[in-house]
Amino acid sequence: MFLPILLATCGSGNDQPDPKEEKIQINWSAAADSSSKSLVNSFWNAPGKYFNTDNASNTNFQYWPNGHALDVLIDAYIRTNDAFYRNYIDQWYDGVKVKNGNRFWNEYYDDMEWNALAMLRAYKATNDVKFKDAALEIWEWIKAGWNSNAGGGITWKLGMEYSKNACSNGPACILAARLYREFGDESNKEWALKIYNWEKSTLFNSNNGIVYDAINSNTGVIQDWIFTYNQGTFVGSAVELYKILGEKAYLNDAVLAADYTISALVNNSLLKDEGKGDGGLFKGIFIRYFTDLIQQDRLDAPAKKRYIQFMQFNAETLWTQGTAKPAVLYGPNWGAKPGSPVGLTEQLSGCMLIEAMALLSKNRIL
């Protein structure tokens with residue numbers, strides 16, 4: 001399963017390597033194959049057709065990480081066209097729906113958004129209409145979460161209409177924008193703009209690029225927690241609107257949020273450890289949308305170079321220092337091998353980073 005590191009050296013006159021010129025070359029496609037297949041081999045619940053919450057042979061199920069696990073399967077399928085991944089994509093639909101109460105509805109709006117985003121990608125990758133229908137059905141539920149409290153925004157959870165969170169608005173904006181680009185419904189473009197403008201005016205600090213976690217409309221108090229995943233979905237929202245409208249102001253918003261993240265939410269230039277559980281998935285979400293930003297043609301060259309170097313450092317550190325091999329397992333600290341058991345969330349973040357590097361390598365951006 002694991003053969004992705006090759007060593008390349010430049011020799012001196014006596015054929016001895018010069019340590020200053022020695023460089024590890026990583027075959028990111030091979031690394032991504034090892035990584036994404038490990039996700040299946042270590043976490044897939046074959047009878048239930050879903051991903052377990054950890055690799056300790058349990059049968060525990062959590063809805064929102066399964067959406068991101070589907071995303072990784074799609075990353076790998078698009079990259080390889082391998083039927084291995086397609087098989088699990090098809091099974092995922094049935095298993096997750098049954099395990100979630102024979103429905104895709106959930107009382108948390110962000111949970112629904114993650115799964116709708118993944119199923120929209122699954123539809124584009126497979127042309128299987130069941131994924132399209134499910135994504136559109138979920139979108140109808142999500143739109144019902146908008147209310148005028150705090151001036152607008154989609155609430156975090158059913159029955160908590162006063163809690164307006166970045167995590168329930170950033171992904172919703174991305175979903176609305178992608179639905180518009182895929183199917184051309186003008187109302188979805190309007191939704192994307194409405195959501196984005198609310199989040200930018202309410203939770204985004206345009207002086208430094210910080211995306212705050214939430215506002216309580218009962219008190220007007222902004223919860224100033226700062227997480228990589230909120231930064232990432234704001235980046236993703238801005239990039240999606242840039243794709244639709246072509247206005248560089250959106251790209252500039254994305255750059256501001258990205259620059260804050262890679263300078264402040266790090267430890268020694270590595271995206272910081274945000275723990276296990278929900279936090280284990282946060283930086284993988286940032287990586288997904290940061291990777292999209294890197295690929296935009298009008299991104300200024302110095303920013304693109306800086307971002308690529310950041311990605312390379314994080315990925316090389318994870319692969320050479322933070323991966324338990326040959327099992328290919330990741331922990332919340334990308335600079336240290338994981339303990340046991342390994343949670344699905346932190347595994348997914350590592351998988352997202354390695355697949356992102358394979359994508360950038362395939363597209364000749366590295």
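In this structure, Trp146 and Trp191 have perpendicular ring planes: the angle between them is above 60°, well past the 30° mark. Using the six-membered ring where Trp is involved, Trp114 and His68 have ring planes that are tilted, between 30° and 60° apart. Ring-plane geometry between Tyr330 and Trp319 is classed as tilted, the angle between the planes lying from 30 to 60 degrees on a 0 to 90 degree scale.
Counting heavy atoms from C-beta on, the side chains of Met311 and Ile308 never come closer than 4.5 Å. Contact check for Glu316 versus Trp28: side-chain heavy atoms found under the 4.5 Å cut-off. Between Tyr63 and Tyr50, the closest side-chain pair of non-hydrogen atoms is not below 4.5 Å. A 4.5 Å side-chain heavy-atom check between Tyr196 and Tyr250 finds at least one atom pair inside the cut-off.
A salt bridge is defined here as a Lys NZ or Arg NE, NH1 or NH2 lying under 4.0 Å from an Asp or Glu carboxylate O, and Asp94 with Lys130 fails to meet this definition.
The number of heavy atoms from other shown groups lying within 6.0 Å of NZ (Lys305) does not exceed 12. Within a 6.0 Å radius of NZ in Lys337, more than 12 heavy atoms belonging to other residues, nucleotides or ligands are found.
With Ser36 contributing its side chain and Asp33 its backbone, the two residues share no donor-acceptor pair below 3.5 Å. Between the side chain of Asn169 and the main chain of Asn165, a donor-acceptor pair closer than 3.5 Å is present.
Partner of Trp64 under the side-chain hydrogen bond (donor to acceptor under 3.5 Å, both in side chains) criterion, chosen from Asn115, Asn106, Thr345, Asp278: Asp278.
Side chains of Asn363 and Gln295: a donor on one and an acceptor on the other come within 3.5 Å.
The distance from the CZ atom of Arg79 to the OG atom of Ser29 is 4.5 Å, given to the nearest 0.5 Å.
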